Every structure is written in structure tokens, then in C-alpha cells.
*Asks:* 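Please find one structure pasted underneath; my questions will follow.
None of the values given here were measured: they were computed from a predicted structure.
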Amino acid sequence: MASIMVASLLVAQSTLADPAPAIDLKSLDHDRVLKAADQYMSQAPITITVYPASRSAGGLHDYFSEADYFWPDPANPDGPYINRDGMSNPNNFNEHRHALIRMSIQVPALVAAYKISGDQKYADHALEHLRAWFVNDAARMNPSLSYAQAIHGRTTGRSYGIIDTLHLVEVSRAIMVLRDHHLIDAKDDAAISQWFSDYLKWLTTDSAGITEGNSQNNHATCYWLQIAAFATLVGDQPKLEECRKRYKEQLLPQMGVDGSFPKELARTKPYGYSLFNLDQMVTLCQILSTSTDNLWTFVLPDGRTIRKGAEYMYPYVKDKSTWPLKPDVMYYQFWPVRSPTWLFAGWALADQKYLDLWKSLDANPTNDEVLRNLPLRQPVLWEN
């Protein structure tokens, strides 16, 4: 119980006071959120145990996925798969990922619907999903990712697969909203918190997690965002301090002096990857900033700051036709959408142009690839 109280305090302390954004999120998102939540009310939880993975080296409760950009080798069709960067293989096993994303869409939407409407039925249904995924022995997922992003003929799992649970970041936020509104009982809260504590331990001690945490591109950003979100949920202050240190010493230095992310620009989908990395880095600032350690205003010796990242991408989101590089090899037509960068930066930096841009973007993307790369979809959960 003490850890739960600490975590609730951290929620209040982990973000800066919003500088009076000119957005009424509950009114703006009322119809969108309640329409979705009403549809989800009739849908039962589906966890990974519904989809046995015959190609997995793990068991029924072990999450399994296959590396997106690996394909059969035309010169050796029965041999190890080969990489085709940016080209997603539609024949991969994706059922566990789809189940996880489905839950990550429905739980935050249901909790957002409760927060907007005050109707407890939405919160109660969200709890059914949470119990299925994290509590019930027959259905729960194991708190590890040893078999994610496997490659046929090469490896049964990779550190890169840890990015798949980025979709638990907003789920953890929804759990904290339920906790703060006294809608989750102590037994369920303790069991769910234990799952995230166990997963946090695996992430920070297993060789896959250590490798991912030391990477130098969007994978590191996503790893440390997960650590920050889950540590906030369970009240792990030392890990939050480590996240702040990593942001300053490892993550922000990914940025070029112009505000771009050179390693993302070098990919075959530079537009989408640049947006993706910026979203996760901005969300880290939102979660980790305090009145005494404000990551929004932290500046590297050469002047790099998160504001530069937002300023770099802003004109290309406002008018994509000005993007100076080649279009992404896939899914370029589906971007941009209403992503957290412009809302969080608008709040923290008190910049109306970012808020106006955020309001102008599509809030209901349906493309699977976009949803896979948009782990935060319910802004009302992030409002103080």
C-alpha cells in the first residue's frame, strides 16, 4: 500500500503545472471517446493466450512476435530470413502484438470515457481487461519479452522486441487514473503493480533490456520511456532518476544541432521515424519533468533542447509537402496524425501554435502501422 501511495504522489509531481492551454479536452474529445468506449463495452478481453504461437520458443503465456522487416531469402527460400529495412512482412506472426495493441487502445479509451462522463461502467470494463492481462493465472501474460521480434532461422527473440510493450505506457497511465479515482481495489492494484514491478526488473536486469537501454536511436528512447512510465506507476524513484540522467546524457544527444534525429533520417522511413522518436522523447519530458528538474528547458552545451526537436518537425507536420527528403517507402500517406508532441509541447512551452497544430490533425487514424507507432491516443488521461 505504501508503494501505491508513493506512486500516486509521483503522478502529481512528475509533470509540470499546465500553463493554461486554450483547450477543453473533455469537450473536444467527448464524442470521439464515448463513441469508441461504447463500442468497446460489448467486447471481452482477449489476451495472448488466445493465440498459441507455433513458431515461438516460449510457452502459452510468453509474448511472441517476429521482426517486421525480415523476409524469406529468394536465393535460399528455406534458409534464414534477410532484412529489407522499412518493408513490413505481412506473413509474420502478429497476433500477440495485435492483442496487445487492442488492449492498449481499449483500456485507455474506457478510462478516458469514465473521466469525461463520470460513468463507472467504463472503468469497471477497463478493469476486466487489466485483470485478464496482469492478474488472472489462466490468461495473463508473463512479465518478460524474451521471444519478441524473433527472426526465422536466426534468433528466437531480440532486444529490439522490447519496443512492442511501448503500448503499455498509456495503459499504465490509465491504471493511475483509476487509482486516483479510487476505482481499483487494493487486491487488484497490488497484483497489477506487482506485474509491472516484475516486468521493470526484467527490463533492467535481462541482457536484452540492458542492450536495448544502451542503444542510440528510437529504441533507446522507447526503452527509457517505458522505464519512466512503469517506475512512476510502482513508485520506483531511483529508476526515475536514472531515466532523467539517460535523457540528458544519452537520449537528447541523439539530436542533431538543427533539431533533427540523424539516425532516424537515415532510415527508409525518415518522416515516420522522426515523428515517432520525437513523440516518445517529448513524452519522457512530460512524465519526468518536475519543478526542480525541468527536462523541457534542459539545454546541452551546444544548444540542443527538446524545443529544437519540435521546431524542426513543426513546418513539415503543418505542411508535409515541404518535407525535404524522399517520402517514406511505406505508409507515408497516412502521416501526420494527432500525436502527443504538439499537445505536450504546447502545454509545457506555452506555445499556442503547437496546440493549434495538434487540434488540426486526425484524431482517429485507422491504419495498423500508424496505430502501432502511436502508443498515446487519449490526451484527457494526461491532463493534470
*Asks:* Can you give me the closest heavy-atom contact between Ala220 and Gln250, atom names plus distance?
*Replies:*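 It is CB-NE2, 3.6 Å.
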*Asks:* Determine whether the side chains of Ser104 and Glu170 contain a donor N or O and an acceptor N or O closer than 3.5 Å.
*Replies:* no
*Asks:* Could you check if a side-chain atom of His125 sits within less than 4.5 angstrom of a side-chain atom of Lys121, using non-hydrogen atoms only?
*Replies:* no
*Asks:* Looking at every heavy atom in both Pro143 and Trp202, which two are closest together, and how far apart are they?
*Replies:* O-CB, 3.7 Å
*Asks:* Quick one, Leu130 and Asp188 - any side-chain contact, counting heavy atoms below 4.5 Å?
*Replies:*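 Heavy-atom side-chain distance check fails, nothing below 4.5 Å.
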*Asks:* Side-chain contact test, heavy atoms from C-beta onward, threshold under 4.5 Å: evaluate it for Asn136 versus Arg131 and give yes or no.
*Replies:*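 Touching, per the 4.5 Å side-chain cut-off.
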*Asks:* Verify whether one side chain among Asn142 and Ser144 offers a donor that lies under 3.5 Å from an acceptor in the other.
*Replies:* no
*Asks:* Restricting to non-hydrogen atoms, name the atom on Val33 and the atom on Ala109 that form the minimum distance, rounded to 0.1 Å.
*Replies:* CG1-O, 3.6 Å
*Asks:* May I ask you to check whether Gln286 and Trp347 show a side-chain donor-acceptor distance below 3.5 Å?
*Replies:* no
*Asks:* Taking the basic N atoms (NZ, or NE/NH1/NH2) and the acidic carboxylate oxygens, is any pair closer than 4.0 Å for Glu212 and Arg158?
*Replies:*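 No, this pair does not count.
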*Asks:* So does Gly259 get a backbone contact from the side chain of Arg304, meaning a donor-acceptor N/O pair under 3.5 Å?
*Replies:*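 Not at all, since once roles are kept as given, no pair shorter than 3.5 Å links the two residues.
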*Asks:* When you measure from the side chain of Ser193 to the backbone N and O of Val234, does any donor-acceptor pair fall under 3.5 Å?
*Replies:* no
*Asks:* Please determine, by modelled atom types, if Gln39 and Gln43 share a side-chain donor-acceptor pair under 3.5 angstrom.
*Replies:*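 On atom types as modelled, these side chains do not qualify, holding no pair under 3.5 Å.
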*Asks:* Quick test of your reading of the model: are Asp68 and Arg97 salt-bridged, counting only N-O distances below 4.0 Å?
*Replies:*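 Result for this pair is yes, salt bridge flagged.
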*Asks:* Mind listing the closest non-hydrogen atom pair of Gly256 and Pro262 along with its distance?
*Replies:*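 What the structure gives for the nearest pair is N-CD, 3.6 Å.
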*Asks:* Is there a side-chain contact between Leu355 and Trp342 in this structure, where contact means two heavy atoms from C-beta onward sitting under 4.5 Å apart?
*Replies:* no
*Asks:* Is the shortest side-chain N to carboxylate O distance from Lys187 to Asp185 below 4.0 Å?
*Replies:*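 No.
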*Asks:* Could you check whether any side-chain heavy atom of Lys248 comes within less than 4.5 Å of a side-chain heavy atom of Leu300, counting everything from C-beta outward?
*Replies:* no
*Asks:* Strictly below 4.0 Å, N to O, side chains only: are Glu311 and Lys308 in salt-bridge contact?
*Replies:* no
*Asks:* As an exercise, state the distance from SG of Cys243 to CG of Leu288, rounded to the nearest 0.5 Å.
*Replies:* 5.5 Å
*Asks:* Quick one: does Val111's side chain get under 4.5 Å of Leu381's, heavy atoms only?
*Replies:* yes
*Asks:* Quick check: is Tyr332 connected to Leu265 through a chain of hydrophobic side chains (ILVMFWY, heavy atoms under 4.5 Å apart)?
*Replies:* yes
*Asks:* More than 12 non-hydrogen atoms from neighbouring residues, nucleotides or ligands closer than 6.0 Å to NZ on Lys320, yes or no?
*Replies:*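 Yes.
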*Asks:* Indicate if Leu25 and Trp382 have the same hydrophobic cluster label, given that clusters are the connected sets of ILVMFWY residues with side-chain heavy-atom separations under 4.5 angstrom.
*Replies:*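 The answer is yes; both residues are in one hydrophobic cluster.
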*Asks:* Assess whether salt bridge (charged side-chain N to carboxylate O under 4.0 Å, His left out) is satisfied between Lys269 and Glu369, documenting all intermediate values.
*Replies:* CA-CA 12 Å; Lys269 295 191 287 190; Glu369 180 72 4; 3.2 Å; yes
*Asks:* Report the C-alpha distance between Asp29 and Arg377 in whole Å, list the side-chain angles of each, state the deciding distance to 0.1 Å, and finish with yes or no for salt bridge (charged side-chain N to carboxylate O under 4.0 Å, His left out).
*Replies:* CA-CA 11 Å; Asp29 263 3; Arg377 311 174 189 96; over 6 Å; no
*Asks:* Phe70, Tyr331: one ILVMFWY side-chain cluster at the under-4.5 Å cut-off?
*Replies:* no
*Asks:* Compute whether any side-chain donor of one residue and acceptor of the other, for Tyr63 and Asp164, lie under 3.5 angstrom apart.
*Replies:*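 Note: Tyr63 and Asp164 side chains meet the donor-acceptor criterion.
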*Asks:* Can you tell me if OH on Tyr160 sees more than 12 non-hydrogen neighbours from other groups inside 6.0 Å?
*Replies:*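 For Tyr160, atom OH is not crowded (no more than 12 foreign heavy atoms under 6.0 Å).
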*Asks:* So does Asn217 get a backbone contact from the side chain of Ser215, meaning a donor-acceptor N/O pair under 3.5 Å?
*Replies:*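 Not at all, since once roles are kept as given, no pair shorter than 3.5 Å links the two residues.
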*Asks:* Please determine, by modelled atom types, if Thr341 and Ser339 share a side-chain donor-acceptor pair under 3.5 angstrom.
*Replies:* no
*Asks:* Indicate yes or no for a side-chain donor-acceptor contact from Asn364 to the backbone of Thr366 under 3.5 Å, with no hydrogens or angles considered.
*Replies:*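 No, because the side chain of Asn364 does not come within donor-acceptor range (under 3.5 Å) of the backbone of Thr366.
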*Asks:* What about the rings of Tyr354 and Trp358, do their centers lie closer together than 6.0 Å?
*Replies:*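 No: the rings miss the under 6.0 Å criterion.
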*Asks:* Please determine, by modelled atom types, if Arg246 and Asn214 share a side-chain donor-acceptor pair under 3.5 angstrom.
*Replies:*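 Looking only at side-chain atoms, Asn214 and Arg246 do form a donor-acceptor pair, the distance falling under 3.5 Å.
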*Asks:* Is there a donor-acceptor pair closer than 3.5 Å between any side-chain N or O of Asp351 and the backbone N or O of Gly346?
*Replies:*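 No: the side chain of Asp351 does not pair with the backbone of Gly346.
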*Asks:* Look up atom CD in Gln226 and atom OG1 in Thr283, then write down how far apart they are to the nearest 0.5 Å.
*Replies:* 12.0 Å
*Asks:* Students often mix this up, so state it plainly: with edges at 30° and 60°, are the rings of Phe93 and Phe64 parallel, tilted or perpendicular?
*Replies:* tilted
*Asks:* State whether a side-chain donor-acceptor pair under 3.5 Å links Tyr69 with Arg84.
*Replies:* no
*Asks:* Are Tyr273 and Leu252 in one and the same hydrophobic cluster, where Ile, Leu, Val, Met, Phe, Trp and Tyr link if side-chain heavy atoms are under 4.5 Å apart?
*Replies:* no
*Asks:* Any idea which heavy atoms bring Phe344 and Val282 closest together, and the distance?
*Replies:*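 Result for this residue pair: CB-CG1, 3.6 Å.
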*Asks:* Please determine which of Gln254, Glu264, Lys263 meets the side chain to side chain donor-acceptor pair (under 3.5 Å) test together with Asn218.
*Replies:*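 Between Asn218 and the candidates, side chain to side chain donor-acceptor pair (under 3.5 Å) is satisfied uniquely by Glu264.
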*Asks:* Check for me, please, whether Tyr147 and Ile101 land in the same ILVMFWY cluster - side-chain distances under 4.5 Å, paths through other members count.
*Replies:* no
*Asks:* Which side-chain N or O atoms in residues 45-54 pair as donor and acceptor under 3.5 Å with protein atoms at least two apart or in another chain?
*Replies:*
from: Thr47; atom 1: OG1; to: Thr49; atom 2: N; distance (Å): 3.4
from: Thr47; atom 1: OG1; to: Thr49; atom 2: OG1; distance (Å): 2.9
from: Thr47; atom 1: OG1; to: Ala139; atom 2: O; distance (Å): 2.7

*Asks:* Out of Leu374, Leu361, Leu371, Val317, which one pairs with Val337 under the side-chain contact (heavy atoms from CB on, under 4.5 Å) rule?
*Replies:*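 The residue from Leu374, Leu361, Leu371, Val317 that satisfies side-chain contact (heavy atoms from CB on, under 4.5 Å) with Val337 turns out to be Leu374.
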*Asks:* Determine, using ring centers only, whether Tyr81 and Trp71 are less than 6.0 Å apart.
*Replies:*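 No.
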*Asks:* Taking all non-hydrogen atoms of both residues, which atom of Val169 and which atom of Ala229 are closest, and how far apart?
*Replies:*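 Smallest interatomic distance, heavy atoms only, reads CG1-CB, 3.9 Å.
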*Asks:* Can you tell whether the side chains of Lys245 and Glu242 come within less than 4.0 Å, N to carboxylate O?
*Replies:*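 Result for this pair is no, no salt bridge flagged.
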*Asks:* Side chains of Tyr223 and Ser159: closer than 4.5 Å at any heavy-atom pair?
*Replies:*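 SC-SC contact between Tyr223 and Ser159 ruled out.
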*Asks:* Keeping Glu66 on the side-chain end and His152 on the backbone end, is there a donor-acceptor pair under 3.5 Å?
*Replies:* no
*Asks:* Find out whether Tyr114 and Asp119 are in side-chain contact, i.e. whether some heavy atom of one side chain is under 4.5 Å from a heavy atom of the other.
*Replies:* no
*Asks:* Count the heavy atoms of every other residue, nucleotide or ligand shown that sit under 6.0 Å from NZ of Lys353, and state whether that count exceeds 12.
*Replies:*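 Yes, enclosed.
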*Asks:* Does the ring centre of Phe134 sit less than 6.0 Å away from the ring centre of Phe196?
*Replies:*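 Ring centres of Phe134 and Phe196 closer than 6.0 Å.
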*Asks:* Describe, in one word, how the ring planes of Tyr199 and Trp195 are oriented to each other, choosing from parallel (under 30°), tilted (30 to 60°) and perpendicular (over 60°).
*Replies:*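 If you compare the ring of Tyr199 with that of Trp195, the planes turn out tilted.
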